[in-house]
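In what follows, a structure is listed as structure tokens, so that the remarks can point back to it.
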There are 2 protein chains.
Amino acid sequence: MVAEPADVVGCCSPLAREPLDAEQAVDLSRSFKALGDPVRLRLLSLIASHEGGEACVCELTDTFEVTGPTISHHLKVLREAGLITGERRGTWVYYRADPDALRRLSDVLATGRPIPA
Amino acid sequence: MVAEPADVVGCCSPLAREPLDAEQAVDLSRSFKALGDPVRLRLLSLIASHEGGEACVCELTDTFEVTGPTISHHLKVLREAGLITGERRGTWVYYRADPDALRRLSDVLATGRPIPA
DNA sequence: CCCGTGTATCGACGAATGTCGAATCAGAGG
DNA sequence: CCTCTGATTCGACATTCGTCGATACACGGG
């Protein structure tokens with residue numbers, strides 16, 4: 001069994017407490033890289049802030065200037081980074097954000113502050 | 001005067017509260033992209049966790065398998081993303097992490113949780 | 001003033017990335 | 001069964017990125 005990201009990083013390991021080892025860094029950088037594109041960041045935000053916690057792809061496409069295939073590509077990147085999950089219901093596909101994944105990344109960057117219990 | 005990132009994003013605007021507009025997204029994605037490389041993530045962590053809150057470039061170079069110019073390049077990327085600042089003191093250059101920048105990114109990802117005061 | 005050492009910049013190159021149009025797959029409904 | 005619509009995959013292309021060696025810059029010390 002491969003270690004989950006959560007196992008590797010731990011629940012409360014801010015970047016500033018101790019140096020990341022190479023493996024942790026590779027793991028985390030994959031997630032941050034997924035956030036390193038404006039379209040993906042907006043997609044994630046649209047999904048996470050959407051009523052009901054999920055959004056249909058058809059609602060996402062109209063917001064951007066890029067084509068459908070490009071949206072699809074970005075959703076795949078977010079999905080493979082573990083930041084969102086997708087589910088098909090009939091004709092439409094709905095995506096929702098993974099709060100645990102976001103929180104994990106947030107905690108890594110939370111320097112200096114005590115981690116809320 | 002150009003708006004600072006902190007002004008654009010606000011101090012407590014998580015991704016999931018409301019959709020990021022295009023400008024915010026471009027701004028934030030630049031920072032996350034800087035974190036989207038394993039070497040840069042380890043560099044940042046080494047700097048942030050180093051005693052005294054700062055680290056000399058000479059101490060960073062030995063940790064990695066990459067050459068000096070490459071380290072220099074990654075430090076530049078982190079610097080231009082506003083995540084670290086560099087200062088020359090005599091022969092050596094010392095870098096330190098910017099806690100505000102890290103906290104700002106952390107807060108953006110802190111979904112659902114109340115922001116600690 | 002000239003080295004020697006620590007950093008940074010430059011120029012180049014292969015690999016990865018973002019984007020598109022065309023083609024394909026998945027379901028719903030005649 | 002056929003077709004229409006929504007979503008993904010495929011193949012291609014220009015751009016960006018990470019890396020290196022060579023070179024240039026900044027200081028401190030003989």
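Basis for what follows: all heavy atoms, side chains included, without hydrogens, waters or symmetry-related copies. All chains are named by letter (A, B, ...) in the order of the sequence lines, taking the proteins before the strands, and each is independently numbered beginning at 1.
- One side chain, A:Arg79 or A:Tyr95, offers a donor N or O that lies under 3.5 Å from an acceptor on the other.
- Across all strands shown, A:Tyr94 has no heavy atoms under 4.0 Å from either base or sugar-phosphate atoms.
- Going from atom CD of A:Glu59 over to atom C1' of D:dT5 covers 16 Å, rounded to whole Å.
- Residue contacts for A:His73: at a heavy-atom cut-off of 4.0 Å it reaches a base atom on one of the strands shown.
- Note that the CG atom of A:Leu15 and the CG atom of A:Asp107 stand 12.0 Å from one another [nearest 0.5 Å].
- Between the CD atom of A:Glu80 and the P atom of D:dT8 there is a distance of 12 Å, given to the nearest Å.
- For A:Arg79 and D:dT9, the CZ to C1' distance is 11 Å, given to the nearest whole Å.
- In this structure, CG of A:Leu75 is placed 13 Å from C1' of D:dG6, rounded to the nearest angstrom.
- For the pair B:Arg40/B:Val77, a side-chain contact is recorded, criterion being any heavy-atom separation below 4.5 Å from C-beta on.
- If you check every strand for non-hydrogen atoms under 4.0 Å, A:Phe64 touches nothing.
- Of the listed nucleotides (D:dG18, D:dC20, D:dT9), D:dG18 has the atom at the smallest distance from the side chain of B:Arg40.
- In this structure, the side chain of B:Glu59 engages the main chain of B:Cys56 through a donor-acceptor pair within 3.5 Å.
- Protein atom CD1 of A:Ile47 is 14 Å distant from nucleotide atom C1' of D:dA7, rounded to whole Å.
- Taking only side-chain nitrogens and oxygens, B:Thr70 comes nearer than 4.0 Å to OP1 or OP2 of D:dC20.
- Using a 4.0 Å cutoff to heavy atoms of chain A, the contacted part of DNA chain C runs 5' to 3' from C:dT17 to C:dA28.
- In this structure, A:Arg88 forms no cation-pi arrangement with A:Tyr94, as its terminal cationic atom is not both closer than 6.0 Å to the ring centre and no more than 45° off the ring axis.
- One finds no salt bridge joining A:Arg42 and B:Glu23 here, because no Lys/Arg side-chain nitrogen approaches an Asp/Glu carboxylate oxygen to under 4.0 Å.
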Report task. Could you run through nucleotides 22-30 of chain D and give me one letter per nucleotide, 5' to 3': B if any protein heavy atom sits under 4.0 Å from the base, S if only the sugar-phosphate is that close, - if neither? Result -> B---SSS--
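- Here B:Leu83 contributes atom CG and B:Leu43 contributes atom CG; the two are 11.5 Å apart, rounded to the nearest 0.5 Å.
- We find that CG of A:Asp37 is positioned 13 Å from P of D:dT16, with the value rounded to whole Å.
- Between A:Lys76 atom NZ and D:dC10 atom C1' there is a gap of 10 Å when expressed in whole angstrom units.
- Classification of B:Asp100 and B:Arg104 as a salt-bridged pair fails, no side-chain N sitting under 4.0 Å from a carboxylate O.
- To the nearest 0.5 angstrom, A:Ser49 atom OG is 11.0 Å from B:Arg17 atom CZ.
- Following rounding to the nearest Å, A:Tyr95 (OH) and D:dG6 (P) show an atom-to-atom distance of 16 Å.
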